[in-house]
A.B. asks: 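Sharing a structure with you now.
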Amino acid sequence: MEIERAGEYACEDADMTMDVHLALWPQLQADEKLAFIYDLEIKSSEALFRVERNGVLIDGPKLATQSHALGQRIVELENEAYAIAGQPFNLASPKQLGEIFFDKLGLPVVKKTATGARSTDEEVLEKLAQDYPLPAKILEHRSLSKLKGTYTDKLAQMANPKTGRVHTHYAQAVAVTGRLSSNDPNLQNIPIRTPEGRKVREAFVAPAGSVIASADYSQIELRIMAHLSDDAALLKAFHDGLDVHRATAAEVFGLSVDQVSSEQRRYAKVINFGLIYGMSAFGLAKALGIDNTAAKNYITRYFERFAGVKRYMDDTRDQAKAQGFVQTVFGRRLYLPEINSAAAPRRAGAERAAINAPMQGTAADLIKMSMVKIQNVLDAEQRGTRIIMQVHDELVFEVPEAEVEWVKQEVPRYMAGVAQLKVALLAEVGLGVNWDVAH
DNA sequence: AGGTTAAGCGCG
DNA sequence: AAAGCGCGCTTAACCT
């Protein structure tokens, strides 16, 4: 009986898959760009199979040492928190934390969560930490628990006990922009932004006789923005080999490039990233800790200096509304059913996605082309170098010592050479005994 | 026991 | 009225 039900299901599943194929295949063949993207996905899947099968070697004892140290500090923090609160409680429970903070200790409520609970997220805790001792303990406890629970404990558990390697799975059809996603374990969110977190990367190693190489695209999304917008100032900044955030600051603040302070450069960097994501004056103000008017002035000033970017953003929005989708340089589409929604928040969300997707998606297209190209060369030349990870704008390799010079020389060349945009692509490679050093 | 959702946080 | 794009994982809390 169960066999028959399974058979019935299998037939129906195959039949409907065939219907989908018959509907979509002619559309793919009729459009050169869609055919290119389809072809890229098939080739990518073949390269990704190799990457997944390779896996990455993990230094288990190093992670165990880190887990132990984190565990000790976590217990200390728990005891310090109990002393301040006057009672033990679960530091990992937002609900219990809310009761201690807002009911027992009478701390002010800064904001509410989506469901109306009193928020205890990082931003709230940072603010409360200025006036009270407990929030700082919670913040440190949260970050260390995250490191231990998600990385130092988990990666060691997930390594193959015979080979010491972890094998992630890459999903090719999850991220709507065309990016890959990585799961079980996710190797695309390994810490790097803090010194403590970064140590996890020391446990991503190569076997004896090999080293780790990391090759990443430099400012790829801003280069793509320069290409798509045809903005003269942005193109020139890249063409002249300038530090693009510094160049942006020079324009926005009306200075020469070498007069830009580090503070001004930091502002420009936030502005540049904000633009890629469709950030508003409100968002920029919050990100920079300045008032709304000042943020609005920066944006106005930016769009005066980079008029091509302004035009591109407006055109992209208009095009999305007119045809219902946006596309990457190579023709990958993102459909935006809510772009003309009557509900303003939904419409605004779709507009931000419309701005971002061509840039994020083109970057995804380019690194897929790189992976396919490099894997093909490695095979054709019968090299020992293996691709072991992809992290959106970065490829990580395990490299036999004899091939180090080849990787240094050739990998960035292949990555930069996959396409000729209006601005040159640039890839940089680093080598080392582990992923932290290589980066 | 097992699944789902909310809150929170790691990355590009 | 909301306010920055794209993901995956962990824990607590709640539900069946």
Side-chain angles (χ1 to χ4, degrees), chain A residues 89-98 111-125 138-139 141-155 158 168-171 173-194 196-198 200-201 216-222 225 270-288 292 295-296 326 334 336 341-361 363-364 367 389-395 435 439:
Chain A
F89 63 102
N90 184 350
L91 274 73
S93 162
K95 193 177 168 194
Q96 291 182 39
L97 195 56
K111 65 172 174 181
K112 299 283 188 76
T113 68
T115 53
R118 297 164 296 189
S119 174
T120 65
D121 72 10
E122 187 173 352
E123 189 188 330
V124 170
L125 265 45
I138 305 298
L139 280 168
H141 183 271
R142 285 232 181 107
S143 68
L144 300 187
S145 300
K146 181 94 178 177
L147 289 178
K148 185 169 187 293
T150 308
Y151 304 106
T152 60
D153 287 350
K154 200 49 62 79
L155 286 169
M158 296 201 66
T168 187
H169 299 277
Y170 291 102
V174 169
V176 295
T177 54
R179 271 192 179 179
L180 301 178
S181 72
S182 159
N183 65 80
D184 201 29
N186 184 353
L187 297 185
Q188 292 179 325
N189 72 345
I190 303 301
I192 193 171
R193 292 174 187 172
T194 68
E196 315 84 70
R198 214 183 154 125
V200 174
R201 292 182 175 230
D216 66 297
Y217 280 114
S218 169
Q219 304 294 356
I220 190 163
E221 291 191 355
L222 285 171
M225 185 159 87
V270 173
I271 293 170
N272 277 329
F273 279 108
L275 284 164
I276 290 174
Y277 302 146
M279 194 190 256
S280 65
F282 176 90
L284 183 64
K286 210 157 92 173
L288 290 175
N292 247 310
K296 204 172 278 183
V326 291
L334 174 64
L336 296 156
S341 170
R346 288 176 177 272
R347 193 171 63 244
E351 288 176 9
R352 292 192 297 272
I355 298 286
N356 176 256
M359 292 181 271
Q360 189 181 123
I367 197 155
M389 288 187 276
Q390 189 262 34
V391 193
H392 306 306
D393 62 355
E394 171 187 14
L395 295 177
W435 192 14
H439 204 276

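Letters A, B, ... mirror the listed sequences (proteins, then strands); counts begin at 1.
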A.B. asks: Given dG12(B), dG4(C), dC14(C), which nucleotide is nearest the side-chain atoms of K95(A)?
C.D. replies: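 Closest nucleotide among those given: dC14(C).
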A.B. asks: Output the rounded distance in Å from CD (Q188(A)) to P (dG6(C)).
C.D. replies: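 These atoms are roughly 16 Å apart.
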A.B. asks: Distance criterion of 3.5 Å, no angle test: do you see the side chain of N186(A) paired donor-to-acceptor with the base of dG8(C)?
C.D. replies: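 Result: no qualifying N/O pair found.
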A.B. asks: State which of dG8(C), dG4(C), dC9(C) makes the closest approach to the side chain of D184(A).
C.D. replies: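 When the side chain of D184(A) is considered, dC9(C) is the closest of dG8(C), dG4(C), dC9(C).
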A.B. asks: Among dA7(B), dG4(C), dG8(C), which nucleotide sits nearest the side chain of T113(A)?
C.D. replies: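 The nucleotide sitting nearest to the side chain is dA7(B).
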A.B. asks: When you measure from the side chain of A114(A), which nucleotide among dC7(C), dC5(C), dA7(B) comes out closest?
C.D. replies: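 Shortest atom-to-atom distance from the side chain points to dA7(B).
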A.B. asks: Can you tell me which nucleotide in dG12(B), dA7(B), dA13(C) comes closest to the side chain of D393(A)?
C.D. replies: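 Looking only at side-chain atoms, D393(A) lies closest to dG12(B).
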A.B. asks: Side chain of R201(A), backbone of P191(A): donor and acceptor closer than 3.5 Å?
C.D. replies: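 The answer is yes, because a donor-acceptor pair under 3.5 Å joins these two groups.
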A.B. asks: For F273(A), enumerate each residue passing the ring-ring contact (aromatic ring centres under 6.0 Å, His included) test, keeping only those at least two apart in sequence or located in another chain.
C.D. replies: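 With neighbours one apart ignored, the set is H245(A).
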A.B. asks: Look at the side chain of Q360(A) and decide which nucleotide, out of dC5(C), dG10(B), dC7(C), has an atom nearest to it.
C.D. replies: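 Nearest nucleotide to the side chain: dC5(C).
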A.B. asks: Nearest to the side chain of T115(A), heavy atoms from C-beta on, is which of dA7(B), dG10(B), dG6(C)?
C.D. replies: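 Among dA7(B), dG10(B), dG6(C), the one nearest the side chain of T115(A) is dA7(B).
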A.B. asks: Between dA12(C), dG4(C), dC9(B), which one does the side chain of N90(A) approach most closely?
C.D. replies: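 Taking heavy atoms from C-beta onward, the closest nucleotide is dA12(C).
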A.B. asks: So, under a plain 3.5 Å distance rule, would you say the side chain of R179(A) forms a donor-acceptor pair with the base of dG12(B)?
C.D. replies: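 Looking at the base of dG12(B), it does pair with a donor or acceptor on the side chain of R179(A) (distance under 3.5 Å).
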